[in-house]
Amino acid sequence: MTLALGVPPHERRRGWGKVPRELSARVPAEQRAPGRDRDDVRLLVSRGTQATHHAFRELPCLLRAGDLLVVNTSPTLAAAVDGRVGHARVVVHFSTRGDDGRWAVELREPDGKGTTRARAGGPAGTEVELAGDVRLTLEEPLSPGSGRLWWARVSPVGTVPGLLREHGRPIRYSYTERDQPLSVYQTVFALPSADGSGSAEMPSAARPFTAGLVTELVSRGVQFAPVILHTGVASAEVHEPPYPERFVVPEASARLINAARAGNGRVIAVGTTAVRAVESAAGADGVVRARAGWTDLVVTPARGVRVVDGLLTGLHEPEASHLLMLEAVAGRAAISRGYEEALGGRYLWHEFGDVHLVLPEENADAEHCSGNYQ
């Protein structure tokens, strides 16, 4: 398992400024007003440098029969657990389970507001007391030079899934208003895993989907290809490139993706996690083959994409490494123009916010959608 190289800072600069704090989505869409559901969010659609504004419920008429949506079925874990280092209170964010039974974890400090702030990592040998007589010992940084995430040994062995179920809660960031139940962080596509694995943070691009919307898409001839990518803990303060993560692209999904590409369908990834999974299973010839294991792939404009034609994703901060993936799909000019529209249109950011659909420029075929939703 090898960590991909970081992205030079000059490649991260964007043409738009910092996102105003008031544009952070503080609660889920269904809690903003009576009678709302998850799909009551806005949808920005980019085709090249052309952008249109829609309701997310218009998605079925923005796609066409033969299109294929690649969705991540990883469930979200209650990955935040309270603990103590000596007399000091800490919060442990469980990120990724290693092949040797260790876990990659991040230790943070409670901020007194129900969320956390960054804490210096390590040192090796640090012991954390958790509920249920569980102990965690930091052993080494996840990668050389990184002090944020550490490999840790948990004792007794094999107790983490039960610990998270009984004492964990979803990871929450400071822009949110209050704690939410784990169900709020599960997407309609989430499936439990036999070994208790899952994502430390929700694959949030899929959050606005409802069962009714999925049914309508299927009835219109849009297909779905499930993949798995268990996402680790993001860096809230410093936008680092993604770390190695576990993924699975099943044989049946590989066949669906290859068939769509051979026909007239577009392969549209729901979320950057789905892009990372499917591109990790694609050969240089563009053929997707069933694969499972670890991926350290970082999709950048220089690397490009081999399979994905479009992307449905949330809105990211200008320093986020995820934006390089968007630029690999659509180009920097298209993404910059789209984000200018999102800021001007007062779209909401983060996991409970609005979403962005990036489609190929030549396929402006949604004239029958009402569009220009405000």
Side-chain angles (χ1 to χ4, degrees), residues 1-8 11-12 70 72-77 79 92-107 121-122 124 136 138-154 160-161 164 171 193 195-205 227-250 253 269 271-284 288-300 302-308 313 316 320-325 328:
M1 186 174 59
T2 305
L3 179 67
L5 294 176
V7 179
E11 291 188 19
R12 299 187 190 179
V70 181
N72 186 2
T73 63
S74 176
T76 307
L77 301 175
V92 180
H93 288 174
F94 283 85
S95 180
T96 306
R97 182 176 60 83
D99 292 334
D100 58 1
R102 296 187 300 175
W103 280 78
V105 301
E106 179 186 28
L107 267 60
L136 180 150
L138 301 184
E139 292 192 344
E140 59 180 334
L142 184 66
S143 61
S146 172
R148 186 176 69 89
L149 289 169
W150 282 68
W151 284 116
R153 188 78 59 182
V154 180
V160 172
L164 300 187
I171 291 174
S193 57
D195 63 358
S197 296
S199 290
E201 297 180 355
M202 172 176 55
S204 57
V227 298
I228 298 171
L229 188 132
H230 295 315
T231 66
V233 176
S235 171
E237 289 80 24
V238 181
H239 295 280
E240 303 163 344
Y243 287 89
E245 294 166 320
R246 289 177 177 271
F247 81 105
V248 179
V249 176
S253 294
T272 57
T273 63
V275 176
R276 195 180 200 198
V278 73
E279 290 290 330
S280 296
V288 176
R289 298 170 177 85
R291 282 195 62 193
W294 292 89
T295 177
D296 60 3
L297 175 66
V298 178
V299 178
T300 65
R303 188 267 186 189
V305 289
R306 297 170 178 173
V307 176
V308 171
T313 183
H316 305 284
S321 59
H322 290 309
L323 285 168
L324 290 171
M325 181 183 290

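Residues: numbered from 1 along the sequence shown. Computed from a predicted model, the values in this text were never measured in an experiment. The analysis underlying the following values was restricted to heavy atoms, covering all of them including side chains, and did not include hydrogens, waters or symmetry mates.
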What's the verdict on side chain to side chain contact (heavy atoms under 4.5 Å, CB included) for W151 and L142, showing C-alpha distance, side-chain angles and the deciding distance?
CA-CA 6 Å; W151 284 116; L142 184 66; 3.2 Å; yes

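- Using a 4.5 Å heavy-atom cutoff, the side chains of T273 and V227 are not in contact.
- The CG atom of N72 lies 12.0 Å from the CZ atom of R276; values are rounded to the nearest 0.5 Å.
- For the residue pair D99/W294, the side-chain donor-acceptor check at 3.5 Å is satisfied.
- Contact detail for G232 and A200: the closest heavy-atom pair is C-CB, 3.9 Å.
- Between S197 and D195, the side chains place a donor N or O and an acceptor N or O closer than 3.5 Å (distance only, hydrogens not considered).
- Note that the CZ atom of R102 and the CG atom of L136 stand 11.5 Å from one another [nearest 0.5 Å].
- Atom CD of E201 and atom OG of S74 lie 11.5 Å apart (nearest 0.5 Å).
- Side-chain N or O atoms of S199 include none that pairs as donor or acceptor with a backbone N or O of M202 at under 3.5 Å.
- A274 and A269 make their closest contact through CB-CB, 4.0 Å (heavy atoms, listed as atom of the first residue, atom of the second, distance).
- Closest of all the heavy-atom pairs between T300 and A328 is O-CB, 3.4 Å.
- Atom CZ of R97 and atom CZ of R246 lie 4.5 Å apart (nearest 0.5 Å).
- A 4.5 Å side-chain heavy-atom check between T313 and M325 finds every atom pair outside the cut-off.
- Atom CD of E245 is separated from atom CG of D296 by 10.5 Å, given to the nearest 0.5 angstrom.
- The shortest distance between side-chain heavy atoms of S95 and L149 falls below 4.5 Å.
- With contacts defined as side-chain heavy-atom distances shorter than 4.5 Å, the pair V233/R148 qualifies.
- Summarising the geometry, atom CG belonging to L164 is positioned 6.0 Å from atom CG belonging to L77; distances are rounded to the nearest 0.5 Å.
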Does L138 form a side chain to side chain contact (heavy atoms under 4.5 Å, CB included) with V105? I'd like the steps, not just the answer.
CA-CA 9 Å; L138 301 184; V105 301; 3.8 Å; yes

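- Inter-residue side-chain proximity for V307 and V70 is flagged as unmet; no heavy-atom pair is nearer than 4.5 Å.
- Residues Y243 and T96 form no side-chain contact, since every pair of their non-hydrogen atoms from C-beta on lies 4.5 Å or further apart.
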